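To start, the structure itself, in structure tokens.
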Amino acid sequence: MIGEDLLKASEILKRGELVAIPTETVYGLAANALDPSAVAKIYDAKERPSFNPLIVHVASIKEAKKYVKEFPEIAEQIAKAFWPGSISLLLPKHSIIPDLTTAGLPNVVIRVPNHPLTLELLKSLDFPLAAPSANLSNTVSPTTAEHVQLGLGSKIEYIIDGGKSAIGLESTILAIEQDKLVILREGGVSREDILAKTGIKVGVNFSNKIQSPGNLKKHYSTSKPLYIVQDINKYIDSNPNGRYSALLFEEKKVLCKSHILSKTYSMSEIANNLFDYMRRADNDNSDCILIEPIKEIGIGRAIADRIVRAASKI
Ligand code: TXA
Ligand code: MG
């Protein structure tokens, strides 16, 4: 069932069952993060491999501190600047967080999401919510309640409808390595945003000591093949026999059906429409989807990451 009844949602969660929650990034499939049997239902419903840990959602920095062993100064700076918002922090977990939630890892990824309904729900609960994106593993992430209904509707008692996700890309995951911030997953907040707002320069996870098990190559996939091509019209010219659907970043004449993610190459609009339009192209009468490479600046890097994974065959 889809609705806005937060009392019903909290009653279901307190019973150890699943509820889909809206966030500003993508919809999440939530359960009591402190209850291993509730958390197990998330892995089942998503058909998610049990080695892939879940993000924990809380209402405030103060709440976050209850579930980690330490909250270093640099984490505090980031949390103060961006929470509620689209950054998740990897921190050493408190023993109260069950091993199943973190897939046996010693750290937990935690964030305060920026959606009024979900914040209100979190405040009404005395436990945090574990919530991965509310889609079947390896499929496109949901940015509306209807997307969740289509993919997981039969497996969830309740979906909170919070409208279309404002950002449309998953959160940026940061870890702290030798007192420095490193990006584990590109997402809704770019490294430029972080530098501008906090003066902190984030690095890449060069040492690869810390890994995000969910950074699998194939991910976010459409059911039709998706090809990244340098020039859509040239590609169609040389391969004239396909039925194509193009995903465009600006208004442009192409030799096939098209879905325009932004008329003006606005990165935030492209991010906001990406998953929804991948689904639309998947459902039109084309045989495959074409997309040109996106400029890798700002959140363009996170968008590129999702597109490359969606296009990956393995
Ligand atoms: O925006 C988001 O982050 C959304 C919303 C619902 O909050 N959630 C989300 O969750 O994207 P999910 O499960 O689809 O992606 C979480 C990623 C996975 O790649 C997972 O491997 C990684 O975070 N992750 C979670 N906990 C981790 C941990 N303890 N150590 C390393 N990586 C972790
Ligand atoms: Mg996901």
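All values reported here derive from a predicted model rather than from experimental measurement. In listed order, ligands and their atoms are each counted from 1.
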Inset, instruction - Please round to the nearest 0.5 Å and tell me the distance separating atom OG of S266 and atom CG of L261. - result: 10.5 Å
Inset, instruction - For I289 and M278, work out which heavy atoms get closest and say how close. - result: CD1-O, 4.3 Å
Legend entry - Path from I61 to L122 over hydrophobic side-chain contacts below 4.5 Å: yes
Inset, instruction - Please say which of L195, I78, L174 ends up in a side chain to side chain contact (heavy atoms under 4.5 Å, CB included) with I200. - result: I78
Legend entry - Atoms of ligand 1 close to L90 [distance to a heavy atom under 4.0 angstrom, numbered from 1]: 28 (C), 29 (N), 30 (N), 31 (C)
Legend entry - Within-shell test, K93 vs ligand 1, heavy atom, strictly < 4.0 Å: no
Legend entry - Residue H57 vicinity, atoms of ligand 1 by number, heavy atom under 4.0 Å: 5 (C), 6 (C), 7 (O)
Inset, instruction - Please determine if N52 has a nitrogen or oxygen closer than 3.5 Å to a nitrogen or oxygen of ligand 1. - result: yes
Inset, instruction - Return a yes/no value for T23: is any of its N or O atoms, backbone included, closer than 3.5 angstrom to an N or O of ligand 1? - result: no
Inset, instruction - Looking only at distances, please establish whether an N/O atom of ligand 1 is found under 3.5 Å from an N/O atom of R48. - result: yes
Legend entry - Within-4.5 Å side-chain heavy-atom neighbours: E63 and P128: no
Inset, instruction - Would you kindly confirm whether Y27 and V140 end up in one hydrophobic cluster when ILVMFWY residues are joined by side chain heavy atoms under 4.5 Å apart? - result: no
Inset, instruction - Could you tell me whether L54 approaches ligand 1 through its side chain, its backbone, both or neither, with non-hydrogen atoms closer than 4.0 Å? - result: backbone
Inset, instruction - For the pair R111 and T25, evaluate side-chain hydrogen bond (donor to acceptor under 3.5 Å, both in side chains) and give the outcome as yes or no after the intermediate values. - result: CA-CA 12 Å; R111 83 176 184 107; T25 59; 3.1 Å; yes
Inset, instruction - Could you tell me which atoms of ligand 1, counted from 1 in the order shown, lie closer than 4.0 angstrom to a heavy atom of I55? - result: 3 (O), 8 (N), 9 (C), 10 (O), 16 (C)
Inset, instruction - Measure from atom 3 (O) of ligand 1 to every heavy atom in P106, A175, S171, S137 and give the option owning the shortest one. - result: S171
Legend entry - Subset of ligand 1 atoms that lie under 4.0 Å from at least one heavy atom of S133: 8 (N), 9 (C), 10 (O), 12 (P), 14 (O)
Legend entry - Nitrogen or oxygen atoms of S88 and ligand 1 under 3.5 Å apart: no
Inset, instruction - Tell me, please, if S133 has any N/O/S atom, main chain or side chain, under 2.8 Å from the Mg ion (ligand 2)? - result: yes
Legend entry - Selected option - heavy-atom contact closest to atom 6 (C) of ligand 1, from S165, S141, G28: G28
Inset, instruction - Say whether A131 and ligand 1 are in contact under the criterion: heavy-atom distance to a ligand atom below 4.0 Å. - result: yes
Inset, instruction - Could you list the atoms of ligand 1 found under 4.0 angstrom from a heavy atom of L105? - result: 30 (N)
Inset, instruction - State whether the side chain of N233 and the backbone N or O of L255 hold a donor-acceptor pair below 3.5 Å, judged by distance alone. - result: yes
Inset, instruction - Flag this pair as yes if the NZ/CZ of K8 is under 6.0 angstrom from the six-membered ring centre of Y158 and inside a 45 degree cone about the axis; otherwise no. - result: yes
Inset, instruction - Please identify which atoms of ligand 1 are closer than 4.0 Å to at least one heavy atom of N107. - result: 29 (N)
Legend entry - Option among S133, S165, S141 that satisfies the side chain to side chain donor-acceptor pair (under 3.5 Å) test with E170: S141
Inset, instruction - May I ask you to say whether R243 pairs ionically with D287, meaning some side-chain N is under 4.0 Å from a carboxylate O? - result: yes
Inset, instruction - May I ask you to check if ligand 1 and K46 share an N or O to N or O distance below 3.5 Å? - result: no
Legend entry - Charged tip of K295 within 45° of Y265 ring normal and under 6.0 Å: yes
Legend entry - T25-ligand 1 polar pair, N/O distance under 3.5 Å: yes
Legend entry - Best match, P53, P49, G188: closest heavy atom to atom 24 (N) of ligand 1: P53
